[in-house]
Amino acid sequence: MPHHQTEQSDNKIIDLITLPIAHEDIKKYYEIAGMDYQAWSEALNMHFGYLERWTDIFSLEKMLNQMSQMVIKKLQLADFSQPTALDMGCGMGAVARELVRIYPQARVTGITIVDSQINYGNHLSQNENLHEKVKIIKNDYENMSFEDNSFDVAYAVESSCYAQGAGKEALISEMRRVLKEGGRFVIIDGFLKKPAKMPYLLQKAYLRLCRCWALPCLATMTVFEETLKKNNFKNIKIEEISWKVAPSVAHVPRVTLKFLFQELWRNKSLKLAPERWDNIVSPLLTMFLGLWRNYFGYYVVSGEK
Ligand SMILES: C[S@@+](CC[C@H](N)C(=O)[O-])C[C@H]1O[C@@H](n2cnc3c(N)ncnc32)[C@H](O)[C@@H]1O
């Protein structure tokens with residue numbers, strides 16, 4: 001097939017598996033279900049974990065922290081004397097706080113579009129006396145208010161999935177604009193491997209996952225890589241880490257049961273808002289989708305401006 005025809009049919013496939021999600025949907029989901037992440041992680045790590053050593057397999061919180069530490073290590077902050085970092089989609093700031101614990105001379109600006117994350121995230125930083133080093137503010141990573149060349153490094157931990165498009169074009173071009181020359185980035189997330197028609201049930205499960213977590217679509221790796229290249233990023237490195245992430249995903253049923261028992265004990269009922277049920281369903285769907293390794297993978301992507 002000629003190139004433009006392949007591109008057209010890829011776009012058709014991608015359109016079928018993209019939902020019309022607006023910022024209001026994302027904000028509503030996090031405002032209602034956001035605090036339920038406490039059942040997943042004491043420190044409010046809103047991401048999956050990374051297994052460094054097999055002996056850590058039973059310690060979820062340790063694996064969650066190891067994910068943050070892996071991202072921080074890949075940013076190679078020792079190369080900068082007083083690094084300025086941008087956390088694009090920072091949640092409650094768990095990764096940002098870990099960064100300044102490891103590199104006290106660094107300063108992190110965390111951005112999110114969710115008001116409660118700004119208030120509670122900054123409160124958590126204050127509790128640890130890290131509020132001078134980590135500032136969480138409201139900003140849209142697809143249209144940032146920062147000047148060009150503002151940051152030494154930028155990272156997105158399980159947040160790029162909220163950006164529009166299979167290549168997350170606006171996020172990538174904004175990231176390029178605000179990074180300094182030679183600045184580094186690290187993005188970790190679940191990805192679709194390539195544009196491919198899914199079996200009916202798989203597609204249904206995938207769309208349900210996106211709806212539950214208020215995501216328009218996961219990025220498609222082939223398109224994402226192309227977008228990074230078009231934006232002239234150098235030394236692009238793409239590593240699949242699905243097997244390192246799977247042990248933390250295996251904790252989902254245990255955490256789900258614990259959460260449901262706690263809710264039942266506290267409120268004597270399981271009448272939860274739909275968004276809170278969605279937040280229970282989507283991690284369970286992740287376990288199912290993760291088995292389809294031809295279609296889905298968990299990746300760490302890094303590079304330099
Ligand atoms: C799954 S949470 C991950 C939070 C954090 N990175 C962590 O690992 O704990 C996704 C985050 O992306 C943020 N987000 C979604 N769309 C965004 C946008 N357009 N601009 C900035 N942040 C956004 C959400 O508000 C949320 O904080």
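Counting from 1, the numbers follow the sequence of the chain as shown. Order of appearance sets the numbers: ligands from 1, and atoms from 1 within every ligand.
Remark: K138 NZ is packed, more than 12 non-hydrogen atoms of other residues, nucleotides or ligands lying under 6.0 Å away. By the 6.0 Å contact criterion, NZ on K73 is open, its count of non-hydrogen atoms from other residues, nucleotides or ligands being 12 or less.
Using a 4.0 Å cut-off to heavy atoms of D140, the atoms of ligand 1 that qualify are 18 (C), 19 (N), 20 (N). Within ligand 1, counting atoms from 1 as listed, the ones closer than 4.0 Å to a heavy atom of V157 are 3 (C), 5 (C), 6 (N), 8 (O). Taking every heavy atom of H23 and a limit of under 4.0 angstrom, the matching atoms of ligand 1 come to 19 (N). Counting atoms of ligand 1 from 1 in the listed order, those under 4.0 Å from a heavy atom of G91 are 4 (C), 5 (C), 27 (O).
A donor-acceptor pair shorter than 3.5 Å can be found between the side chains of Y30 and Y162.
Under the 4.0 Å criterion applied to side-chain N and carboxylate O atoms, E31 and K28 are not assigned as salt-bridge partners. Checked for salt-bridge contact, K193 and E240 meet the test: a charged N lies under 4.0 Å from a carboxylate O.
By the criterion of a heavy-atom distance under 4.0 Å, neither the backbone nor the side chain of M88 is placed next to ligand 1. The residue A156 has no part lying near ligand 1, judged by heavy-atom distances below 4.0 Å. Here Y141 has heavy atoms under 4.0 Å from ligand 1 in both its backbone and its side chain.
From L215, atom CG reaches atom CD1 of I21 across 7.5 Å, with rounding to the nearest 0.5 Å.
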